[in-house]
Amino acid sequence: MTSAPIGLSRDQMAARAAQDIAHGSYVNLGIGMPEMIAQFIPEGIEVILHTENGLLGMGPSPADGDGDPELINAGKRQVTALPGASYFHHADSFAMIRGGHLDLCVLGALEVAANGDLANWSTGGDSIPAVGGAMDLVSGVKAVYVMTSHCTRDGIPKLVESCTYPLTGVGVVDRIYTDLAVVEVGSDGFEVVDLTEGVTFDEVAARTDGPIRDARSTEVER
Amino acid sequence: MTSAPIGLSRDQMAARAAQDIAHGSYVNLGIGMPEMIAQFIPEGIEVILHTENGLLGMGPSPADGDGDPELINAGKRQVTALPGASYFHHADSFAMIRGGHLDLCVLGALEVAANGDLANWSTGGDSIPAVGGAMDLVSGVKAVYVMTSHCTRDGIPKLVESCTYPLTGVGVVDRIYTDLAVVEVGSDGFEVVDLTEGVTFDEVAARTDGPIRDARSTEVER
Amino acid sequence: MIDKRVADPAAALHDVADGATVMIGGFGEAGSPIELIHALIDHGASGLTVVNNNTGSGEVGLAALIRAGRVARMICSYPRSANSTVFPELYRSERIELELVPQGTLAERIRAGGAGIPGFYTPTAVGTDLAEGREHREFDGRNHVLEYALTADLALVKARRADPHGNLVYNMTARNFSPLMAMAAATTVVQASEVAANGGIDPEAVVTPGIFVDRVVHIASPAHESDLVRRGITYP
Amino acid sequence: MIDKRVADPAAALHDVADGATVMIGGFGEAGSPIELIHALIDHGASGLTVVNNNTGSGEVGLAALIRAGRVARMICSYPRSANSTVFPELYRSERIELELVPQGTLAERIRAGGAGIPGFYTPTAVGTDLAEGREHREFDGRNHVLEYALTADLALVKARRADPHGNLVYNMTARNFSPLMAMAAATTVVQASEVAANGGIDPEAVVTPGIFVDRVVHIASPAHESDLVRRGITYP
């Protein structure tokens, strides 16, 4: 397997995912890379960000010194609240999640299987188990997107036939944004719906472990 | 059975029941006669009234013309809110009830059985069935008191061996305030713990249909 | 800008289908969205299942909707009122169905519907006629009944103030079932006495976050049911 | 007058028993009642079961309580933090037990405990290790797990403002689990940055009604966990 420097940077991945979020959506962005999407929402598109620790209408990080240690996001970083925001307790926050009121969440992944299984909470072994809200999000939010590098740093595919790490949810992932492609989870496996400029379908397929087909003839839903 | 005019008036019954409510209690007073208790809470005793339609800290009826049709009690009569009050929605209101947070409710009755069964929601037959919050109150509130005339207008006992009307709850009543006596529900049936002045135990027993004993030697818990 | 305001009740209810389940906020007249209910009558949808604590009073609002023959089935806790014979007459002649639910169980079932909880256990009603034929289960030696979530196609809600995002605050005991129904319905339509600018509601004091609201109609001076009844008004 | 104020944290916690289950509000440092936790350390109760979303940071607050060996068992969703090794070390050496619960299920179990709902069904965690061995049930063709209510002997909660009745409002995302824990504990102790006179909180904006609160301690300038950690402070 080649490790030639093809594909998008992290910023570019975030910008690519941001393009597909509809105006007026209620969106939860997972801790880490998915959080970056917020910075790239296109002009004129308004997205209401939910953070599961009790805020709708989350804004960007505060200017240095302007933050409040009690206004944080799920990653425990200081944020701001935009006009039209609301605070609520955890039961109400997860009622939004479990009750199917959020339109979209974008999460990181250790592995995504060709049937949509997601593993993103535990590497197994003797690490301290910690799940947070990941299992709630994947079981409740209307659409679950994953944003991840296509392979690990060691070149091992993260889009796989079936997950080896403990599952976060079964058959939950709808779409995957990687540095190489936009991949949907179809009934027969992975479906490439968009390729990063300069990347070929064969290069993506070579870096993917499960059944994958070129579905670019199909209109990409945006 | 005699129908001699013995016993307390409705106001006096309410005043008698009011004597036994502890300072600082959270109390729900049922629609009708139990509501009258609020007027007789002794000086220096503060009781926080809950109405299941979403208010803690309910105050008396407003002066004529001062009311708001959206500040009402469970009986749909206009009320006021005292300093320290709070409004909340129905799920929170019944969380207070079902979760055992209210110290006391006082309800009316069609019948109370010697084992504490209560019937107060339906006379059966072809009346329109309507239950409201009665079943929630009796299954959740820490102490359930009943305030009722000892007999119907026709002289038929309301404290009975077992209820003939549809039940509101099984074994839920702790104490009964009637025009004739204060009666607790013990393990062996009704226990008279206080008699109205001028009323004898035998007069009470004659107007009661279940097992009843004189328990006045026992200290009345106030 | 996100703006959930629509021009009037008719526009807010244009897509209601026959046979829809409609949750209507209010406890007695407090919180009853009369103007929306009247628009629903005008719209003409029929065969409705309506969820409300009561069945209305007089011949306006919910009672008028029932009287117009639009409601096939009521889910409520207390279908009686001192000043309306609309529901009793239809019920006695078997022209309307009734599912009677204890008030707290009704509230919790609606909340469960909004929160993605399909079922829960409650001690309420155990040993009574209303628990007959239901699944029971003991927890810590106490018997409970299994209750199921309630959801709806539409919720009609009255608020004191809304903003363009659909954030809501209510007026005193007019809050009652409305925040729960807003969560449990696929489409939530709000009539608000005031519509604030975005940011015009303190984020700490929002009762219903806008995520639960789809359409907001400004009704500056909503009628009070008791006032209409007193004046002998009937709708339409 | 009803007045739930007590003099200081020690007085508020005088009756905590060994082996108690203690719910502690907060998500990360937001809403963490540090002064109450430190008073609990001073009090000396041990063998505690603690319910919190996390396991604290640095060697102050919850992390200090754990480090002092007072916690036999943690019930939480995310027992990791970037700047604390207290929990991991005890966990790896099997000196503390962990019940790992998905965050939304944790919140709902606490709410259920406060609301008198002994069990409910949720789709969360179905098909994962965390649902293994649990009772499953289908609703509408989808699998769910049965979850049980969580209650506690004591809840420690941080509020922005309290009144003598115990009505509370919170500070932004410091609200998180606290309103739920206040409902689910036999005794709820609150540290409030401000204590208003009776009537000093708008009844429409109360988040936790006083019925859920037993004792209120005024802590005018509560410490921020991140600030203590940055300054290298350990407790005691």
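All chains are named by letter (A, B, ...) in the order of the sequence lines, taking the proteins before the strands, and each is independently numbered beginning at 1. Treat the numbers as computed from the prediction; the structure is a model and nothing was measured. Computed over heavy atoms, backbone and side chain alike; hydrogens, waters and symmetry mates excluded.
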Any side-chain heavy-atom pair of [X] and [Y] under 4.5 Å:
X        : Y       : answer
C:Arg175 : B:Ser93 : no
B:Pro129 : C:Leu98 : yes
C:Met172 : B:Ile72 : no

Determine the option with the most heavy-atom pairs under 4.5 angstrom with chain B, choosing from [options].
options                               : answer
C:Pro102, C:Pro88, C:Ala107           : C:Pro102
C:Gly127, C:Pro79, C:Ala174           : C:Pro79
C:Ile110, C:Leu180, C:Thr55, C:Thr122 : C:Leu180

- Heavy atoms under 4.5 Å from chain C: which residues of residues 78-89 of chain B carry them?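 Within residues 78-89 of chain B, near chain C: B:Tyr87, B:Phe88, B:His89.
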- Where along residues 25-33 of chain C does a heavy atom come under 4.5 Å of chain B, listed by residue number?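 Counting heavy atoms that sit under 4.5 Å from chain B, the residues of residues 25-33 of chain C involved are C:Phe27, C:Gly28, C:Glu29, C:Ala30, C:Gly31.
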- Would you please go through residues 128-139 of chain C and name the residues with a non-hydrogen atom below 4.5 Å from one of chain B, in numerical order?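 So the qualifying residues are C:Thr128, C:Asp129, C:Leu130.
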- Message: C:His224: which residues meet the ring pair (Phe, Tyr, Trp, His ring centres under 6.0 Å) condition with it, sequence neighbours left out?
- Response: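 None.
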- What part of B:Ile97 gets closer than 4.5 Å to chain C, counting heavy atoms only: side chain, backbone, both or neither?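 Neither the backbone nor the side chain of B:Ile97 comes within 4.5 Å of chain C.
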- Between B:Asp117 and chain C, which part of the residue has a heavy atom less than 4.5 Å away: side chain, backbone, both or neither?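 Answer is neither: B:Asp117 stays 4.5 Å or more from chain C.
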- Message: For C:Asn54, which atoms come within 4.5 Å of any heavy atom of chain B: side chain, backbone, both, or neither?
- Response: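 Looking at C:Asn54, just its side chain touches chain B.
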- Item | Check: C:Thr173 main-chain N/O paired with B:Asn53 side-chain donor or acceptor under 3.5 Å |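 No; zero donor-acceptor contacts below 3.5 Å.
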